[in-house]
**Q** 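My structure is below; once you've seen it, I'll send some questions.
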Amino acid sequence: MNLVGPIVDRILGLPPARVREAAIEVERNLAIPMPDGAVLLADRYRPSGRAAMPAVLVRTPYGRRGLGGAVFGAAYARQGLQVVVQSVRGTFGSGGEFRPLHQEKEDGLATAAWLRAQPWCDGRLATAGLSYFGYTQWALGPYLDPPLEAVCLGVTTSEFNSHHYPGGSFALHGALSWSALTSLQEAAPLGGILLGRRQARRTAQAMAHLPLREADTVAIGRPSAFWQDVVGHSEPGDGFWAAADHSAAVAGLTSPATMVTGWHDLFLPWQLRDFRTLSDAGRTARITIGPWAHADLPALKAQILDQASWLRAHLLGDAVPERAPVRVHLQHARSWREFTQWPPPQSTPTPLYLRQDGALDWRSPPSAGSDRFTYDPADPTPTVGGPLIDGKNKQQDNRAIEARPDVLVYSTSPLERDLDVLGEVRARVHVRTDPGHADVFVRLCDVDERGVSRNVCDGILRLRPGSPPPGEDGAVAADIEMWPTGYRFLRGHRIRVLVAGGAFPRFPRNHGTGEPVADAVTMRPCLHEVLHDPAHPSHVLVPVLADGDR
């Protein structure tokens with residue numbers, strides 16, 4: 001008796017299998033031709049003895065075997081589905097060159113046409129997967145005619161440009177970590193999912209190397225095409241990624257869509273934007289947001305269970321589980337909430353004002369005030385926790401960072417009652433900087449009774465001379481889009497906002513010179529003056545959930 005399948009299903013939290021492991025047919029190395037002559041390989045899983053049936057397409061850069069085949073192939077087949085797991089161009093035996101985010105539209109459309117022509121497919125197609133797998137669905141779904149029966153979009157977005165360059169900065173940690181993973185995965189155990197501590201240290205050391213254009217060679221011993229693309233096209237106005245941006249097509253997706261993400265996921269703000277676009281267009285879409293990071297096991301389990309039920313409903317005739325379009329976990333409240341839309345209309349954006357005495361207050365700031373610090377790129381302000389691809393992500397202790405002289409800290413008095421926050425978080429910080437090239441990083445934290453400060457959400461904005469335009473007094477209004485959140489600040493805790501000139505190595509150091517990110521080596525310290533007076537009311541907009549919706 002094969003016990004692997006039931007064990008995998010139990011780990012993933014899937015319902016009892018509908019098809020025994022012994023009754024699953026697996027066809028390896030299907031050769032799928034592309035219009036340019038490249039041949040992409042795929043494995044097909046299906047219940048044996050069935051006539052033509054719908055197919056679920058999973059397109060992945062991480063390999064068809066191992067976890068990819070066990071989770072998306074065999075596990076879904078045991079649920080009664082036919083699944084085709086394809087290695088995208090240039091990976092794990094598929095022909096052509098792997099240039100991430102490019103050619104997924106053309107290859108996806110060609111693959112869909114080929115599948116529909118096969119005698120074992122009844123012409124109905126759906127897609128599933130997460131992260132890059134999810135992006136391949138956005139590169140296909142809005143353009144396919146006839147449309148997909150369903151799409152399952154886990155921790156992903158329709159375009160990665162915003163993720164690569166948040167707030168005009170650069171996602172150093174995520175981009176270099178992923179470059180190392182995809183460059184080394186085919187020679188590493190488990191498809192490179194675990195590259196080992198030595199490689200992790202090497203990659204971390206490479207993040208501090210200058211110039212950043214050479215960081216790939218420091219990390220993996222050779223250039224990475226993806227790293228060169230992402231670091232070499234990081235300046236404003238570069239149109240390199242336009243062809244890989246499918247956000248303009250989101251409203252055209254007519255297929256029923258289910259989404260799963262987490263409050264600490266890499267792509268959360270942009271996945272929520274995609275969901276809202278679908279909702280505003282009247283499409284069938286739902287989203288689940290849990291207390292997860294991008295690659296942790298609880299997030300994977302939630303996505304697999306959600307996608308399996310969605311696929312069974314739209315391909316096998318199961319009932320669609322009844323629920324509201326938006327289902328979110330309210331962190332530290334130990335509860336799930338449902339809403340009809342995002343952001344929830346029950347939440348009210350409420351300003352928390354920065355004050356000169358280090359206070360954070362719901363009232364407007366006093367008559368005058370400012371605070372100063374100097375950011376030194378030779379000793380960049382570090383960061384811990386948050387939406388990182390690996391390592392110590394999610395919530396971490398921020399006290400060591402808050403004690404640095406290049407960090408400003410503002411805190412409320414202890415809360416007299418629980419405060420629920422749910423929705424979009426934004427900051428407006430009025431700041432003067434010298435020499436003008438600077439970053440403004442803002443983080444919202446939760447401080448418990450023992451004084452431990454844990455990050456809730458954050459955001460960054462890269463300032464350049466003239467952008468944003470300064471006022472007559474030289475101050476600029478830095479508007480910072482922070483990560484959305486769903487969070488309960490408990491009675492007796494304090495809300496804290498920290499302001500800094502960087503968050504390294506999540507984002508690269510700002511050299512203060514205006515040199516391109518890829519080639520900057522010269523460093524110049526930058527003086528930041530944060531203003532908070534009636535003319536410059538620096539604040540964080542916190543979406544406070546109405547008492548009746550707690």
Side-chain angles (χ1 to χ4, degrees), residues 130-131 134 153-157 162-163 166 171 173-174 258-276 286-303 306 324-339 341-344 346-347 349 383-398 418-427 442-446 448 453-460 480-490 493 495-497 503 506 540-545 549-550:
L130 59 144
S131 193
L153 301 155
V155 291
T156 194
T157 175
S162 298
H163 163 70
H173 183 279
T258 187
M259 298 179 175
V260 175
T261 185
W263 292 124
H264 303 281
D265 182 59
L266 303 172
F267 306 114
L268 173 64
W270 307 291
Q271 184 156 11
L272 282 167
R273 180 198 61 194
D274 291 338
F275 170 77
R276 189 169 183 176
R286 69 181 194 185
I287 191 166
T288 301
I289 312 173
W292 310 307
H294 185 70
D296 57 16
L297 180 59
L300 176 63
K301 292 172 64 174
Q303 291 170 81
D306 177 80
V326 179
R327 185 170 188 261
V328 302
H329 182 267
L330 189 62
Q331 300 170 90
H332 298 286
R334 299 181 180 179
S335 65
W336 289 84
R337 307 294 172 83
E338 293 193 352
F339 300 93
Q341 65 188 66
W342 180 267
Q346 296 90 336
S347 291
T383 188
V384 296
L388 300 177
I389 194 171
D390 57 13
K392 293 184 177 180
N393 53 23
K394 302 172 70 172
Q395 285 194 287
Q396 301 292 332
D397 188 347
N398 280 244
D418 293 350
L419 180 72
D420 292 343
V421 173
L422 180 60
E424 312 282 351
V425 184
R426 297 178 175 86
V442 178
R443 170 167 274 186
L444 186 69
C445 293
D446 176 14
D448 67 18
S453 178
R454 296 180 177 88
N455 51 291
V456 175
C457 63
D458 53 47
I460 195 168
I480 300 158
E481 299 290 329
M482 300 170 66
W483 245 240
T485 194
Y487 197 90
R488 172 168 289 178
F489 291 90
L490 299 175
H493 286 213
I495 302 173
R496 175 167 291 170
V497 169
R506 182 170 158 201
V540 175
L541 274 179
V542 178
V544 176
L545 190 64
D549 295 290
R550 291 186 178 182

**Q** Would you check if L266 and V155 make a side-chain contact, meaning some heavy-atom pair closer than 4.5 Å?
**A** no
**Q** Between R286 and D306 (salt bridge meaning N to carboxylate O under 4.0 Å), is one present in this structure?
**A** yes
**Q** Which atom names give the shortest non-hydrogen contact between A293 and K394, and what distance separates them?
**A** CB-CG, 3.7 Å
**Q** For L300 and L130: C-alpha separation, side-chain torsions, deciding distance, then whether side chain to side chain contact (heavy atoms under 4.5 Å, CB included) applies.
**A** CA-CA 9 Å; L300 176 63; L130 59 144; 4.2 Å; yes
**Q** Could you go through I495 and L419, starting from their C-alpha distance and side-chain angles, then the distance that decides it, and tell me whether this counts as side chain to side chain contact (heavy atoms under 4.5 Å, CB included)?
**A** CA-CA 10 Å; I495 302 173; L419 180 72; 3.6 Å; yes
**Q** Could you walk me through whether D390 and H173 pass side chain to side chain contact (heavy atoms under 4.5 Å, CB included), step by step?
**A** CA-CA 9 Å; D390 57 13; H173 183 279; 3.0 Å; yes
**Q** Do you know which two heavy atoms are closest between R443 and G385, and how far apart they sit?
**A**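 Smallest interatomic distance, heavy atoms only, reads NH2-O, 3.7 Å.
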**Q** Looking at Q271 and T156, would you say the former's side chain and the latter's main chain have a donor-acceptor pair under 3.5 Å?
**A**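 It does hold such a pair.
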**Q** Might you point out which heavy atoms bring G262 and I289 nearest each other, and give the distance in Å?
**A**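 Closest pair (atom of G262, atom of I289, distance): C-CG2, 4.0 Å.
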**Q** In Å and rounded to the nearest 0.5 Å, what is the CZ to CZ distance from R488 to R334?
**A**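 Those atoms lie 11.0 Å apart.
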**Q** Measuring only between side-chain heavy atoms, which start at C-beta, is V384 closer than 4.5 Å to N398?
**A**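 Yes, at least one pair of side-chain atoms sits under 4.5 Å.
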**Q** I need the M259 CE to L272 CG distance, nearest 0.5 Å.
**A**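 Taking CE in M259 and CG in L272, the distance rounds to 8.5 Å.
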**Q** Out of curiosity, R506 CZ to D458 CG, how far, rounded to the nearest 0.5 Å?
**A** 4.0 Å
**Q** What heavy-atom pair brings M482 and R426 nearest, and what distance separates the two atoms?
**A**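 Between these two residues, the closest heavy atoms are SD-C, 4.2 Å.
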**Q** In Å, rounded to the nearest 0.5 Å, how long is the span from SG of C457 to CG of D446?
**A** 11.0 Å
**Q** To the nearest 0.5 angstrom, please state how far the CZ atom of F275 sits from the CD1 atom of I287.
**A**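 Here the interatomic distance stands at 6.0 Å.
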**Q** Which of these passes ring-ring contact (aromatic ring centres under 6.0 Å, His included) with Y487: H264, H332, H493?
**A** H332
**Q** So, do P269 and E424 sit near enough that their side-chain heavy atoms are less than 4.5 Å apart?
**A** no
**Q** Report the distance from atom OG1 of T261 to atom CG of L153, rounding to the nearest 0.5 Å.
**A** 11.0 Å
**Q** Quick check: closest heavy atoms across G486 and Q331, and the distance to 0.1 Å?
**A** O-NE2, 2.9 Å
**Q** Which heavy-atom pair separates W342 from P484 by the least distance, and what is that distance?
**A** CZ2-CB, 3.9 Å
**Q** With no hydrogens and no angle check, is any side-chain donor or acceptor of D265 less than 3.5 Å from a backbone partner on W292?
**A**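 Checking the backbone N and O of W292 against the side chain of D265, no donor-acceptor pair under 3.5 Å is found.
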**Q** Donor-acceptor pair, distance only, cut-off 3.5 Å: does the side chain of S347 make one with the backbone of L422?
**A** yes
**Q** My understanding is that only residues two or more places apart in sequence, or in another chain, count here; which of them pass ring-ring contact (aromatic ring centres under 6.0 Å, His included) with H294?
**A**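 Listed in chain order: F267.
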**Q** Less than 4.5 Å apart, side chain to side chain, heavy atoms only: is that true for V425 and P543?
**A**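 In contact.
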